[in-house]
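To start, the structure itself, in structure tokens.
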Protein chains: 2
Amino acid sequence: MNADAIRGHLDGMLLAVLEEGPLHGYGIIEALHRRSGGTLDLPTGTVYPALRRLERAGWIDGSWSTVGGRKRRTYTLSRSGRGELARRRSEWIRFSGVVGSVLGGAT
Amino acid sequence: MNADAIRGHLDGMLLAVLEEGPLHGYGIIEALHRRSGGTLDLPTGTVYPALRRLERAGWIDGSWSTVGGRKRRTYTLSRSGRGELARRRSEWIRFSGVVGSVLGGAT
DNA sequence: AGTGATAAGTAGGCTGTCTACTCATAGGTT
DNA sequence: AACCTATGAGTAGACAGCCTACTTATCACT
């Protein structure tokens, strides 16, 4: 999975994972790995800054906690985050339709 | 259509357009516009450097000609370009499947 | 002379993802 | 005791593709 390909599509995926419930960064990386059938194995250097970006945008809320002696930052999808997720989903439909039709063969 | 979303997926679309036959840069931009139902309206500053990149990679061959007093650079899909296009197509299937399944709801 | 379409290109900026690293705790092995 | 792995979060800097804004050129039409 190429880095350029993912670009611009990660945010939506992060929001989608958080739609199922609050989760911390490390858990989100694992969830992405699981949900993608093992294809997505994103480095922390990609995901953590992305989560901070989403937080700054107000789409997710983060809070610190300590579990098993380790500090976690758990993120929750905000109301505006839900709106953003819906927007990203419709954008994806549009985008994938366009690329599919131009590329041919694929959906 | 966001710039980040397109990133990494343009090359494949360019190769796909050239699969139908040789075409010059300006014509390729129009073909993309037409094939995408008017959605893709890529600036020359994006497409021309991309075509040069594909040419350097050996996936397309370019040659100058003059039509109606105007100079054109017409590109042809090379043999290795066909292979690359096939690779891009299967990558797209994979990628869109992963994003779709993570994003949920879509495709 | 001016405008718009056709045709190609370059320079520089922006930004998201990546690599490579630091810091920290817990548990298990040697 | 020393080491390794997993868990957990983060930063700095590099890379690269797409963008905006610009230049150059020809032709047709007003």
Side-chain angles (χ1 to χ4, degrees), chain A residues 1-15 22-34 36 39-57 59-60 62-75 88 91 95 98-99 102, chain B residues 1-15 22-34 36 39-57 59-60 62-75 88 91 95 98-99 102:
Chain A
M1 192 66 58
N2 190 17
D4 287 322
I6 289 164
R7 184 153 170 165
H9 304 286
L10 175 60
D11 292 6
M13 291 193 283
L14 294 173
L15 296 174
L23 200 57
H24 62 293
Y26 195 86
I28 291 171
I29 292 175
E30 288 183 320
L32 285 172
H33 187 75
R34 202 175 52 249
S36 65
T39 301
L40 284 179
D41 205 357
L42 300 173
T44 63
T46 293
V47 176
Y48 291 143
L51 288 169
R52 289 301 195 163
R53 203 168 54 236
L54 297 182
E55 195 181 5
R56 269 202 310 279
W59 297 325
I60 62 178
S63 65
W64 288 103
S65 63
T66 303
V67 176
R70 295 188 191 90
K71 290 207 168 188
R72 288 180 171 184
R73 189 158 183 85
T74 300
Y75 296 98
R88 299 279 180 156
E91 259 178 49
F95 173 77
V98 164
V99 175
V102 172
Chain B
M1 194 65 60
N2 191 16
D4 287 323
I6 290 166
R7 187 155 168 165
H9 303 287
L10 176 60
D11 292 7
M13 291 194 283
L14 293 174
L15 296 175
L23 200 56
H24 63 293
Y26 195 85
I28 291 171
I29 292 175
E30 289 183 319
L32 285 172
H33 187 75
R34 203 174 51 249
S36 66
T39 300
L40 284 179
D41 204 358
L42 299 174
T44 63
T46 293
V47 176
Y48 291 144
L51 288 169
R52 289 301 196 166
R53 202 168 55 236
L54 298 183
E55 194 181 5
R56 269 200 311 279
W59 297 325
I60 60 177
S63 64
W64 288 103
S65 62
T66 303
V67 176
R70 293 190 191 87
K71 289 207 167 187
R72 287 180 170 182
R73 189 160 184 83
T74 300
Y75 295 98
R88 299 281 180 153
E91 260 178 48
F95 173 77
V98 164
V99 175
V102 172

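Lettering of chains follows the sequences in order, A, B, ..., and the numbering in each one begins at 1.
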Could you pull out every donor-acceptor pair under 3.5 Å between side chains of residues 41-54 of chain A and any protein atom, sequence neighbours left out?
{"unit_1": "A:Arg52", "atom_1": "NH1", "unit_2": "A:Glu55", "atom_2": "OE1", "d": "3.2"}
{"unit_1": "A:Arg53", "atom_1": "NH2", "unit_2": "A:Asp11", "atom_2": "OD1", "d": "3.1"}

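Atom NE2 of B:His24 is separated from atom P of C:dG9 by 11 Å (rounded to the nearest Å). One atom, CZ of A:Phe95, and another, C1' of D:dC18, lie 13 Å apart when rounded to the nearest Å. Across the protein-nucleic acid pair, A:Leu51 atom CG and D:dG10 atom C1' stand 12 Å apart, rounded to whole Å. Note: CG (B:Leu54) to P (D:dG17) measures 10 Å, nearest angstrom. Rounded to a whole Å, the CZ atom of A:Arg52 is 16 Å from the C1' atom of D:dA12. Summarising the geometry, the separation between CD1 on A:Ile29 and C1' on D:dG10 is reported as 11 Å, rounded to the nearest angstrom. The distance from atom OH of A:Tyr48 to atom C1' of C:dT22 is 14 Å, rounded to the nearest whole Å.
Of all heavy-atom pairs spanning B:His9 and A:Phe95, the tightest one is CD2-CZ, 3.7 Å. Closest approach of B:Ser36 to B:Leu32, counting heavy atoms only: OG-O, 2.8 Å.
A donor-acceptor distance shorter than 3.5 angstrom exists from the side chain of B:His33 to the backbone of B:Leu40, with no hydrogens or angles considered. Judged by distance alone, with hydrogens and angles left aside, the side-chain atoms of B:Arg72 form no donor-acceptor pair with the main-chain N or O of B:Thr66 at under 3.5 Å.
Contact check for B:Arg88 versus B:Trp59: side-chain heavy atoms found under the 4.5 Å cut-off. Between A:Arg73 and A:His24 the shortest side-chain heavy-atom distance does not fall below 4.5 Å.
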Apply side-chain contact (heavy atoms from CB on, under 4.5 Å) to residues A:Lys71 and A:Trp64 and explain how you reach the verdict. CA-CA 7 Å; A:Lys71 290 207 168 188; A:Trp64 288 103; 4.3 Å; yes
What nitrogen or oxygen pairs link the protein and nucleotides 14-18 of chain C at under 3.5 Å?
{"unit_1": "C:dT15", "atom_1": "O2", "unit_2": "A:Arg7", "atom_2": "NH1", "d": "3.4"}
{"unit_1": "C:dT15", "atom_1": "O2", "unit_2": "A:Arg7", "atom_2": "NH2", "d": "2.4"}
{"unit_1": "C:dG16", "atom_1": "O4'", "unit_2": "A:Arg7", "atom_2": "NE", "d": "3.0"}
{"unit_1": "C:dG16", "atom_1": "O4'", "unit_2": "A:Arg7", "atom_2": "NH2", "d": "3.2"}
{"unit_1": "C:dG16", "atom_1": "N3", "unit_2": "A:Arg7", "atom_2": "NH1", "d": "2.8"}
{"unit_1": "C:dT17", "atom_1": "OP1", "unit_2": "A:Gly8", "atom_2": "N", "d": "3.2"}
{"unit_1": "C:dT17", "atom_1": "OP2", "unit_2": "A:Arg53", "atom_2": "NH2", "d": "3.0"}
{"unit_1": "C:dC18", "atom_1": "OP2", "unit_2": "A:Thr46", "atom_2": "OG1", "d": "2.3"}
{"unit_1": "C:dC18", "atom_1": "N4", "unit_2": "A:Gly45", "atom_2": "O", "d": "3.4"}

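Using a 4.0 Å cut-off on heavy atoms, the residues of residues 63-75 of chain B that approach DNA chain D are B:Gly68, B:Gly69, B:Arg70, listed by number.
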